[in-house]
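Report on the structure given below.
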2 protein chains.
Amino acid sequence: MNIARRANSQDVAALAGVSQATVSRAFTPGASISDRARKKIEAAAAKLGYQPNIIARSLSKRRSRLVGLLFANWTHPKAADLLKNITEALTEHDYKVIVQSATGSRLTDEVLREFLRYQVDGVIVFSAAPTAEISAEYARAQVPIVLLNQNGQSLNTSSVSVDATGIGNQIASSLLARSYKRLALISANPKSQIVIDMTKAIVSTVAEHPHMRIISQQTGIDGYEAGMREIENIWKQPETRPDAIVCTSDNTALGILAGCRQNLGIKVPEELAIVGLGDIPASAWQDQSLSTIKIPHDEMVSKAVMTLITGIEDPSVQPESYRYQAEFIQRGTTRIISNPKTGETQ
Amino acid sequence: MNIARRANSQDVAALAGVSQATVSRAFTPGASISDRARKKIEAAAAKLGYQPNIIARSLSKRRSRLVGLLFANWTHPKAADLLKNITEALTEHDYKVIVQSATGSRLTDEVLREFLRYQVDGVIVFSAAPTAEISAEYARAQVPIVLLNQNGQSLNTSSVSVDATGIGNQIASSLLARSYKRLALISANPKSQIVIDMTKAIVSTVAEHPHMRIISQQTGIDGYEAGMREIENIWKQPETRPDAIVCTSDNTALGILAGCRQNLGIKVPEELAIVGLGDIPASAWQDQSLSTIKIPHDEMVSKAVMTLITGIEDPSVQPESYRYQAEFIQRGTTRIISNPKTGETQ
DNA sequence: TCGATTTTTGCATACGCTTGCAAAAATTGT
DNA sequence: ACAATTTTTGCAAGCGTATGCAAAAATCGA
């Protein structure tokens, strides 16, 4: 009825003098259609400004080519990069992504249920996990989920995560090798599985070495300025001063470092070691030079996307959990040690 | 035919003993339906795990409640925040957002055309502009576009941008008031309209003051490390050393500052002023303290979203361009001046 | 050239929902 | 209790595309 309504395949068919079905085939790669018909149709379509209606196509095909992306951690230092890489990788495979935030009151489950209503072909969940109930709904609907930055084995869901235990072990053994003895652990979110696993690994490694111990554990410290304040608090109590601080975020670690250098005159790394997590660009800057843990985010994103697409295209493949190894990056905030055998320094 | 196919409204209707239309009404807020029927239907829906199919609803209603978000600048320091705020604001109004990247080879127009195929109700374009051709297609389809961070007046498109000329004027007059005389301009992307307008404003202000001049203009310098390298190049030529550097990015400015302090021993702000753009968090950190320009991103995002929604809900409203004022933030990289009248310092 | 084969086309139905319209049921007033 | 009114329901026709099937057209072989 709309006077200015959009042209549809019928309109194009009428103008080109063919049937609607033929128009449809003209816009379906690989469909059976003669060159002559295609030419006519393309001309007509151009004249009418016709674009196939993907909503209608989705309904008919029962595939929306839409992927839901549930983003639960916007303060992640690589948030923008992750998003970019995820959307670009999915675009590459001709999927579109619907992004939804699930912080605060908008619960993960609520968002996931909405995705289902939009008939998404699959979902990537970044830094959160669905409840078992929603997982079951997705399983019933045969819509694959891939968890990124979270382990999904217990949910029978695919996941791509980093080996947090490995991170803890690497940090602990690096500090051990560098003869640090009194560790302080600082983290932002105590509920994060990565933080829990990593802390557990550090604790258990330390337990094996009687001359090393954990002086303090503090949670809820997040960001540069919080780190800067926290180091002042820590240093105020001389009897519990650590000689190594492990942070679950580079930003916080950089704040601590700045506090040491500018306000407290603490010698890093001689007097105090600082280790971050994430290897953000600023950590590598000459004046900062923070020893940290590098997480292979790019590979993890590719893996997550590929896993999702595989799951979409072949519903019979079973969920799988991939775990990536992180890497300790020795920079200026931990002592250099030399290997007595080879003479190499690291 | 699919054995495990999803339940639809027919299935629910059959189970609840009502017609399909009634099921539809049960899931349509405000529709005419008795409590009794609603109860029965809800029970049946729960049993079958039924969720309304929004794709089908969209087809029928000719409204997708989908908004396209074309993101052309992922390196913007606030990229993640902007995305979060945009998606959350739109979610608030019950729209979902499809994000697409338009960097590199994926051209703006191509992405916009795809959005149209997905029957989006509206589009937000961040840091890019469509061609006139696509603008016309959108106008014909009555789908509103809002440009964010770009002026759209010439395209007859709504836009929300910052007053770049005002920024240039503020920078120039601030430097003038602080008695700096020899300016160097450093920018990343010479094609960015903001950079062009801001530069033009600086140039014209400087032209009015014979004792001030522009020593050099350099483009293609982007990021902390690039800034650090650039200041070394600049300082190598003593005869063209500036006494004030204006950067179109805080990150670059911070790199320059670090270069001055750590490598070159340049006294900031006595010997050299540095002004950034964007007021990223790091600029406010105690050890950096960069004088910069603060852009009201949050307000701009709200405005963009509200403008879009207004345009969607009432197609008769005309495109409008909003321009926001930025604010010069005096910190440690420009001299303090005191107002001779009031004695205030700024 | 004619029958056999292949390619292209159109017909008709399905996808799952909304909604105008009219019929049915429930509610109200007297 | 009955007519008048209001609310609820069902019917049926879309929304724009895909696709199985059979008919039509084009191509091929001899």
Side-chain angles (χ1 to χ4, degrees), chain A residues 1-2 4-42 44-45 48-66 116-121 141, chain B residues 1-2 4-42 44-45 48-66 114 116-121 141-142:
Chain A
M1 251 337 54
N2 226 339
R5 73 169 235 286
R6 259 129 113 165
N8 60 24
S9 53
Q10 300 262 27
D11 302 331
V12 177
L15 184 60
V18 297
S19 72
Q20 178 272 326
T22 304
V23 175
S24 170
R25 289 191 252 261
F27 286 90
T28 306
S32 162
I33 189 174
S34 65
D35 280 354
R36 224 165 57 85
R38 164 170 287 126
K39 287 262 151 54
K40 279 194 299 185
I41 290 169
E42 276 170 2
L48 296 175
Y50 169 76
Q51 298 278 105
N53 181 329
I54 305 226
I55 295 282
R57 171 180 291 176
S58 298
L59 182 60
S60 182
K61 284 205 165 184
R62 256 120 33 111
R63 287 306 274 326
S64 65
R65 301 208 78 84
L66 246 27
L116 232 31
R117 293 180 164 204
Y118 269 87
Q119 311 297 113
V120 295
D121 291 341
Chain B
M1 252 338 58
N2 227 337
R5 74 169 234 285
R6 274 190 244 195
N8 61 23
S9 54
Q10 300 262 28
D11 302 331
V12 177
L15 184 59
V18 297
S19 74
Q20 179 271 326
T22 304
V23 175
S24 170
R25 290 192 250 261
F27 286 91
T28 307
S32 162
I33 188 174
S34 66
D35 281 354
R36 225 165 57 84
R38 166 170 284 126
K39 288 264 153 51
K40 279 194 299 184
I41 290 169
E42 275 171 1
L48 297 175
Y50 170 75
Q51 297 281 106
N53 181 332
I54 305 224
I55 294 282
R57 171 180 292 174
S58 300
L59 183 59
S60 180
K61 285 206 165 181
R62 256 118 38 106
R63 285 305 274 328
S64 65
R65 300 208 79 84
L66 247 26
E114 275 181 14
L116 232 31
R117 294 179 164 205
Y118 269 86
Q119 311 297 112
V120 296
D121 291 340
Q142 301 219 32

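Below, read A as the first sequence line, B as the second, and so on, with proteins coming before strands; counting in each chain starts at 1.
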- Find the distance Arg57(A):CZ to dC17(C):P and express it as a whole number of Å. 21 Å
- Can you pull out how bent the helix from dT1(C)-dA30(D) to dT30(C)-dA1(D) is, comparing the axes over its first five and last five pairs, to 10°? 10°
- Message: Please pick, from dT17(D), dC17(C), dT9(D), the nucleotide with the shortest atom-to-atom distance to any side-chain atom of Ser32(B).
- Response: dT9(D)
- Query: If you take atom types as modelled and just measure distance, does the side chain of Ser60(B) reach the base of dG16(C) with a donor-acceptor pair under 3.5 Å?
  - Reply: no
- Task: Classify the nucleic acid contact of Ala31(A) as base, sugar-phosphate or nothing, counting any heavy atom under 4.0 Å across all strands shown.
- Result: nothing
- Query: NZ of Lys40(A) versus P of dT8(C): gap in Å, rounded?
  - Reply: 14 Å
- Is any side-chain N or O of Ser34(A) closer than 4.0 Å to OP1 or OP2 of dA26(D)? no
- Item | Which nucleotide in dT17(D), dA18(D), dG16(C) has an atom nearest any side-chain atom of Asn53(B) | dG16(C)
- Task: Give a yes/no answer on whether the side chain of Asn8(B) brings an N or O atom under 4.0 Å of OP1 or OP2 in dG16(C).
- Result: yes
- Message: Tell me the interatomic distance from Arg63(B), atom CZ, to dT19(C), atom C1', rounded to whole angstroms.
- Response: 16 Å
- Task: Answer yes or no: is there a side-chain heavy-atom contact under 4.5 Å between Val12(A) and Gln20(A)?
- Result: no
- Message: Within residues 9-23 of chain B, which residues have any heavy atom lying less than 4.0 Å from an atom of DNA chain C?
- Response: Ser9(B), Gln20(B), Ala21(B)
- Can you tell me how far P of dT8(D) sits from CD1 of Ile41(B), to the nearest Å? 13 Å
- Query: Using a cut-off of less than 4.0 Å, is there contact between a side-chain N or O of Tyr118(A) and OP1 or OP2 of dG16(C)?
  - Reply: no
- Item | Rounded interatomic separation in angstrom, taking CZ from Arg36(B) and C1' from dT9(D) | 11 Å
- Task: Find the distance Ile33(B):CD1 to dG10(D):C1' and express it as a whole number of Å.
- Result: 12 Å
- Item | Inter-residue atom distance Gln119(A).CD - Asn53(B).CG, 0.5 Å rounding | 3.5 Å
- Message: Distance check, rounded to the nearest 0.5 Å: Gln10(B) atom CD versus Tyr50(B) atom OH?
- Response: 10.0 Å
- Enter the distance from Ser64(A):OG to Tyr118(B):OH here, rounded to the nearest 0.5 Å. 7.0 Å
- Item | Rounded interatomic separation in angstrom, taking CZ from Arg38(B) and C1' from dT8(D) | 12 Å
- Task: Sequence neighbours left out, what passes salt bridge (Lys or Arg N to Asp or Glu O under 4.0 Å) with Arg57(A)? Give chain and number order.
- Result: none
- Task: Have a look at Leu59(B) and say if it touches a base, only the backbone sugar-phosphate, or nothing, with a 4.0 Å heavy-atom cut-off.
- Result: base
Only pairs under 3.5 Å count here: list side-chain donor-acceptor contacts from residues 22-42 of chain A, not counting sequence neighbours, and write none if there are none.
{"residue": "Thr22(A)", "atom": "OG1", "partner": "Ser19(A)", "partner atom": "OG", "Å": "3.1"}
{"residue": "Thr28(A)", "atom": "OG1", "partner": "Ser24(A)", "partner atom": "O", "Å": "2.8"}
{"residue": "Ser34(A)", "atom": "OG", "partner": "Ala37(A)", "partner atom": "N", "Å": "3.3"}

- Spacing of Leu59(B) atom CG and Ile54(B) atom CD1 [to the nearest 0.5 Å]: 13.5 Å
- Message: Rounding to an integer number of Å, can you tell me how far Asp35(A) CG sits from dA26(D) C1'?
- Response: 13 Å
Collect all protein-nucleotide pairs involving nucleotides 21-25 of chain D in which both atoms are nitrogen or oxygen and the distance is under 3.5 Å.
none

- Message: Run the side chain to side chain contact (heavy atoms under 4.5 Å, CB included) test against Asp11(A) and tell me which residues pass, sequence neighbours left out.
- Response: Arg5(A), Ala7(A), Asn8(A), Leu48(A)
